[in-house]
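Just follow the structure's listing: the first ligand is 1, and inside any ligand the first atom is 1. Computed from a predicted model, the values in this text were never measured in an experiment.
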Amino acid sequence: MGYFFVDPAKVQGDALLLGRDDGRHLQHALRMKPGENLRVSDGSRYLYDVEIKGYPNGEVLCAIVKQHPFPQRPGPWITLFQSIPKGARMDWLVQKTSELGVDEIVPVYMQHAVRIFGEAQAVRRQSRWQRIAMEASKQANRLDYPHVSVPRSLAEAMDHGANASLSLYFDEKETLRCLKGIRRAVTHPESIRLAVGPEGGLSANDRVLLGQGHFLPVSLGTRILRSETAGTVAVALVQYEWGAAPDRGRSP
Ligand code: SAH
């Protein structure tokens, strides 16, 4: 079983409390009883071996048996700026890139995107995507999980992670620059930002904004991929080129 994720604010002394979603899963699906053991991660600093003590108010009260610091991460920090594809395709992208080890997902509105959410709906989407990212990370046996931001315009997104070692955007019109070439020039980036355009393609204005944000255009080859395919492939290729000792993000 993978790691359960605890909000660091819910760790107190030698006890911690997992939320109601985990409570339902543990109590009713997995039928775990008080006295049984779990592995828990706070997502960034500590891993815990715990023993279930009970299910007060549907939450999971656990006693900490052992605490370990997080192992050092071997690969670059990966942030994906993804133009939001239609409906369930964004759910799919969040799930797959979480499995592949993305660290942050910033959903963005680009000029040719299908729709822009109202404020309340944007917040609801964000929490849905965040939940999908956590479930996928748990299933993938990750120690951490990606943070998903509230959707924003490309212009607003450009400040995010502006000190990254490398920023790339995937451009269907690019013919020269490819990841392999960049790999030769940049050997150990600490952090990489990736941007992927919408189904309708990047606009001239999107390209200007990305250029001003110091993103370089890169090709993914001669075939045109759907936006969510491109985002997923981009994360996989970056992991392959720069990542990921094979055990990156897995249990110690
Ligand atoms: N409608 C456009 C394609 C958009 S594909 C057209 O027909 O030209 C959606 C996004 O995925 C693109 O904006 C780009 O970011 C990425 N993408 C898809 N295929 C790509 C490729 N071969 N190289 C680089 N980026 C690609």
Can you give each donor-acceptor pair under 3.5 Å made by side-chain atoms of residues 40-51, sequence neighbours left out, with the distance rounded to 0.1 Å?
from, atom 1, to, atom 2, distance (Å)
S41, OG, G43, N, 2.9
S41, OG, L143, O, 2.5
D42, OD1, S44, N, 3.1
D42, OD1, R45, N, 2.7
D42, OD1, Y46, N, 2.9
D42, OD2, Y46, N, 3.3
D49, OD2, H68, NE2, 3.2
E51, OE2, K53, NZ, 3.2

Of the listed options L168, V233, L220, closest to atom 23 (N) of ligand 1 (non-hydrogen atoms):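 Nearest heavy atom to atom 23 (N) of ligand 1 lies in L220.
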R226, E172, R207: member with heavy atom nearest to atom 6 (C) of ligand 1: E172
Side-chain donor or acceptor of E104 paired with backbone N/O of H147 under 3.5 Å: no
Is the gap between the ring centers of F81 and F215 under 6.0 Å?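 Between F81 and F215, the centre distance is under 6.0 Å.
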State whether the shortest distance between N or O atoms of [X] and N or O atoms of ligand 1 falls below 3.5 angstrom.
X: V196; value: no
X: A230; value: no
X: A195; value: no
X: S227; value: no

Which atoms of ligand 1 have any heavy atom of [X] under 4.0 Å away?
X: S219; value: 23 (N), 24 (C)
X: V218; value: 24 (C)
X: G221; value: 21 (C), 22 (N)

How far is [atom] from its nearest protein heavy atom, and which residue and atom name does that atom have?
atom: atom 15 (O) of ligand 1; value: F170 O, 2.5 Å
atom: atom 10 (C) of ligand 1; value: G197 O, 3.3 Å
atom: atom 1 (N) of ligand 1; value: E199 O, 2.8 Å
atom: atom 19 (N) of ligand 1; value: L225 N, 2.9 Å
atom: atom 3 (C) of ligand 1; value: I224 CG2, 3.6 Å

From L166 atom CG to L168 atom CG, the distance as rounded to the nearest 0.5 Å: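 That separation rounds to 4.0 Å.
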How long is the gap from NZ on K66 to CD1 on I64, to the nearest 0.5 Å? 13.5 Å
For the residue pair [Y] / [X], report whether a side-chain donor-acceptor contact shorter than 3.5 Å exists.
X: S227; Y: Q82; result: yes
X: Q95; Y: S98; result: no
X: E199; Y: H112; result: no
X: S219; Y: E174; result: no

Return yes when T222 approaches ligand 1 closer than 4.0 angstrom through a heavy atom, no otherwise.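 No; T222 lies far enough from ligand 1 that no heavy-atom distance drops under 4.0 Å.
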Among the heavy atoms of P198, does any lie under 4.0 Å from an atom of ligand 1? yes
At under 4.0 Å between heavy atoms, what of D171 touches ligand 1? The answer is backbone
At under 4.0 Å between heavy atoms, is it the side chain or the backbone of R223 that contacts ligand 1, or both, or neither? backbone
With salt bridge (Lys or Arg N to Asp or Glu O under 4.0 Å) as the test, would you mind laying out the steps for R142 and D144 before giving the verdict? CA-CA 5 Å; R142 278 180 68 163; D144 57 356; 3.0 Å; yes
Cluster link L194 to V106, ILVMFWY, side chain under 4.5 Å: no
